[in-house]
Amino acid sequence: MSDPAGQQPERIGFGRVAEDYETTRGIPDHFMKELLEDIISTCGLTANTLVLDLGCGAGRFLRELTCRKIPAVGIDISKGMLEKACLNQQSRIFLHSYFVSGDAVALPFQQGLFTGILAIHLFHLLSDWQEALSETLRVLKPGGTLLTGYVEGVTHGSFLTRLYRRRRVELGYVYEHPGVHPSEIIASLRDEGATIETHQFSTSIGVPVRQTLTFLDQRVFSSMWRNLPDVVHRQIMQEVRASATSQFKNLEDTEHVRIHADLQFVSF
Ligand SMILES: C[S@@+](CC[C@H](N)C(=O)[O-])C[C@H]1O[C@@H](n2cnc3c(N)ncnc32)[C@H](O)[C@@H]1O
């Protein structure tokens, strides 16, 4: 399937970060609990409903749902991510979870199957997001709820991560996601008559400076590996490391980082 410009749609390969995805996108337990309770009650999920985790990654949300006895299907385009999700599943008690390998633009499910669909951190990655969105709405039950939005990872708001991103732009490597900005997708859904409820959450966590540096070194966010030459990454890292050592005598010291979550609940 091609995008409106007639080009093949871009697919960002998450296989390279699958191994460490859960560590680098970890959510503190109390925060995850707060988010999950909100998701379950707003989407009306129970043991008798079925939920789809679209672009489920390594399964951090799907696991929490199935631990609460909510039947869930996870689908992802990355084999590496799905393998990780299955491995993560084996290490805990899971009920009623299924994994499918597939693309959001061609979902192998019947119309109206899911009471809730989670599409967290997804549509900004898809250049053909309109096709993916209409596929998503096709498999959503009438009266069901689609959740889009984001939940930041532990080091996302660190001053070092922000410095990295700022230097990337200053060096001429402006970062643009291939897909849609969250506000644009919400506007498009409103135009189609959707009702949107926004729920925002925030917490703060102490993160050792060394850990943030390690994640940056590993280029764990797509904005750090996509369309950025290795040599520029190395130059930015030198500056980031210098800033870390000038502000913290000991790299084991912790920085208090805020984690934000912005959940958009969409229903028709
Ligand atoms: C940023 S990760 C988010 C993972 C998960 N939703 C979470 O919040 O932990 C995006 C995921 O979407 C998957 N993905 C990207 N494009 C996709 C597509 N066209 N169809 C299905 N999954 C896709 C990626 O492989 C990756 O696992």
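Order of listing sets the numbers, starting from 1, for every ligand and every atom in it.
Neither the backbone nor the side chain of L54 has any atom closer than 4.0 Å to an atom of ligand 1 (non-hydrogen atoms only). Residue C56 touches ligand 1 through its backbone alone, judged by heavy-atom distances below 4.0 Å. For L122, every heavy-atom contact with ligand 1 shorter than 4.0 Å involves the side chain, none the backbone. Here R60 has side-chain heavy atoms under 4.0 Å from ligand 1, and that is the only part of it that gets that close. Of the heavy atoms in L125, only side-chain atoms (C-beta onward) come closer than 4.0 Å to ligand 1.
Near G102, the atoms of ligand 1 lying under 4.0 angstrom from a non-hydrogen atom of the residue are 20 (N), 21 (C). For ligand 1, the atoms lying closer than 4.0 Å to a non-hydrogen atom of A104 are 18 (C), 19 (N), 20 (N), 21 (C). The ligand atoms of ligand 1 that sit less than 4.0 angstrom from a heavy atom of S78 are 25 (O). Residue contact check: G57 has heavy atoms under 4.0 Å from atoms 4 (C), 27 (O) of ligand 1.
Using a non-hydrogen distance threshold of 4.0 Å, Y150 does not register as a contact of ligand 1. Residue contact annotation: A132 has no non-hydrogen atom under 4.0 Å from ligand 1.
Between the choices D103, L107, D76, I27, the shortest heavy-atom distance to atom 26 (C) of ligand 1 belongs to D76.
L118 and Y150 fall into different hydrophobic clusters, where Ile, Leu, Val, Met, Phe, Trp and Tyr residues are linked whenever their side-chain heavy atoms come under 4.5 Å apart, directly or through other members.
A donor-acceptor contact shorter than 3.5 Å links the side chain of R63 to the backbone of A58. A donor-acceptor pair is defined here as one N or O able to donate and one able to accept, closer than 3.5 Å; such a pair exists between the side chain of E135 and the backbone of L107.
No salt bridge links E64 with R60; every basic N to acidic carboxylate O contact stays at or beyond 4.0 Å. Classification of E83 and K79 as a salt-bridged pair fails, no side-chain N sitting under 4.0 Å from a carboxylate O.
Within a 6.0 Å sphere centred on CG of D191, other residues, nucleotides and ligands contribute more than 12 heavy atoms. Within 6.0 Å of the CD atom in E176, the count of heavy atoms belonging to other residues, nucleotides or ligands does not exceed 12.
With contacts defined as side-chain heavy-atom distances shorter than 4.5 Å, the pair T212/Y164 does not qualify.
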